[in-house]
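The next block holds one structure in the form of structure tokens; read it before the comments.
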Amino acid sequence: MKQVLYIVDVQPSFSPPAQLVTEITALARQLPSVASVERHDESITPFERQLGWKPGPSDDSLVPADRIFIKHGYAPPKEAVDYLLSLNFDRVLVCGIQADTCVLAAGFSFFDAGLQPTLVPWLTVGSSLDRSGALGARLWQHHFGAVLGSPEDLRL
């Protein structure tokens, strides 16, 4: 099975656990990998005005990936979706930060584009609403069905 890893917002603004960064980095070395980084631009996405919080304006990915895309808002940029489509993989493994917001938004974008988004829950944490990521995993299961149960399910 041909698969690619999509890493969502593993960057300083979101204070990812060190172990998460280490484990995602190890997996990114074994698969083609793409990462997104959220950068703040209030003229594009009103994080500060509407939510009273904002990500950093110049964060970089803490996980080295083959390609990195900058995004403004929850969903991946169109360029990232188009790039993934061009790779023609069987499934997109998704992991990272904010399972119930940005990770879920990536799932919707990839699903709507005809890709097969598949959550890697042990490499995903939730937002401040549910840091465990359990809420995001339940939502993912409900909307997309494809949630891996263990590292063996990666089929590496």
Side-chain angles (χ1 to χ4, degrees), residues 1-39 47 51 53 55-56 59-77 79-81 83-156:
M1 173 176 283
K2 294 184 341 183
Q3 50 195 357
V4 61
L5 180 65
Y6 189 80
I7 305 152
V8 179
D9 302 351
V10 179
Q11 62 189 78
S13 287
F14 299 115
S15 303
Q19 186 65 27
L20 181 75
V21 176
T22 299
E23 290 177 12
I24 293 173
T25 298
L27 184 56
R29 289 184 183 129
Q30 297 178 56
L31 294 167
S33 59
V34 177
S36 67
V37 174
E38 173 68 38
R39 291 211 180 136
F47 277 112
L51 301 176
W53 176 88
D59 274 4
D60 288 318
S61 177
L62 294 172
V63 176
D66 299 325
R67 288 285 303 267
I68 296 175
F69 292 90
I70 304 304
K71 67 186 188 80
H72 300 283
Y74 293 107
E79 296 80 17
V81 175
Y83 177 72
L84 290 169
L85 284 166
S86 77
L87 297 176
N88 197 31
F89 282 92
D90 296 319
R91 69 179 176 183
V92 179
L93 302 171
V94 182
C95 65
I97 303 293
Q98 304 198 64
D100 45 330
T101 57
C102 294
V103 170
L104 193 61
F108 282 113
S109 293
F110 300 157
F111 187 83
D112 288 351
L115 297 164
Q116 183 179 335
T118 303
L119 185 66
V120 183
W122 63 91
L123 297 180
T124 306
V125 297
S127 69
S128 59
L129 180 64
D130 172 27
R131 194 68 172 161
S132 76
L135 173 61
R138 286 194 316 273
L139 288 166
W140 189 285
Q141 178 70 45
H142 174 76
H143 290 291
F144 316 118
V147 176
L148 299 182
S150 70
E152 292 76 32
D153 293 337
L154 291 168
R155 300 184 206 158
L156 299 178

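Positions are given from 1 along the sequence.
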Q. Is the shortest heavy-atom distance from the side chain of L119 to the side chain of F144 under 4.5 Å?
A. no
Closest non-hydrogen contact found for G107 with P117 is O-CG, 3.6 Å
Above 12 or not: heavy atoms from other molecules or residues under 6.0 Å from CZ of F111? no
The residue among V125, D59, L62, T25 that forms side chain to side chain contact (heavy atoms under 4.5 Å, CB included) with V10 is L62
- Item | Minimum side-chain heavy-atom gap L115-F89 below 4.5 Å | no
Side chains of residues 132-142: which donor-acceptor pairs under 3.5 Å do they make with residues two or more places apart or in other chains?
{"residue": "S132", "atom": "OG", "partner": "D130", "partner atom": "OD1", "Å": "2.6"}
{"residue": "S132", "atom": "OG", "partner": "D130", "partner atom": "OD2", "Å": "3.4"}
{"residue": "S132", "atom": "OG", "partner": "A134", "partner atom": "N", "Å": "3.1"}
{"residue": "W140", "atom": "NE1", "partner": "A146", "partner atom": "O", "Å": "2.9"}
{"residue": "Q141", "atom": "NE2", "partner": "G145", "partner atom": "O", "Å": "3.1"}

Rounded to the nearest 0.5 angstrom, the OG1-CG distance for T101 and D9 is 8.0 Å
Smallest heavy-atom separation, S36 atom then Q11 atom, equals O-OE1, 4.4 Å
With sequence neighbours left out, the residues meeting side chain to side chain donor-acceptor pair (under 3.5 Å) with Q30 are none
Between T124 and C95 the two heavy atoms that sit nearest each other are OG1-CA, 3.3 Å
Subject >> Side-chain ion pair, D60 and R39, N-O less than 4.0 Å >> reply: yes
Run the side-chain contact (heavy atoms from CB on, under 4.5 Å) check on T118 and D153 step by step: do they pass? CA-CA 11 Å; T118 303; D153 293 337; over 6 Å; no
Scanning both residues in full, the closest heavy-atom pair of I24 with L123 reads CD1-O, 3.6 Å
### Query
Do V4 and L31 touch side chain to side chain, with heavy atoms closer than 4.5 Å?
no
Between S33 and P64 the two heavy atoms that sit nearest each other are OG-O, 4.3 Å
Q. Heavy atoms, side chains only, cut-off 4.5 Å: are Y6 and P76 in contact?
A. yes
Separation between CD (E23) and CH2 (W122), nearest 0.5 Å, reads 10.0 Å
Item checked: Greater than 12 external heavy atoms within 6.0 Å of R131's CZ -> yes
Smallest heavy-atom separation, L154 atom then R91 atom, equals O-NH2, 3.6 Å
Problem set entry | Side chain proximity check, I97 to V8, heavy atoms < 4.5 angstrom | no
If we only count heavy atoms from C-beta on, is the V34 to V92 side-chain gap below 4.5 Å?
-> no
Using 30° and 60° as the class limits, which term best fits the ring planes of F69 and Y83: parallel, tilted or perpendicular?
tilted
Here the gap from D90 atom CG to L87 atom CG, rounded to the nearest 0.5 Å, amounts to 12.0 Å
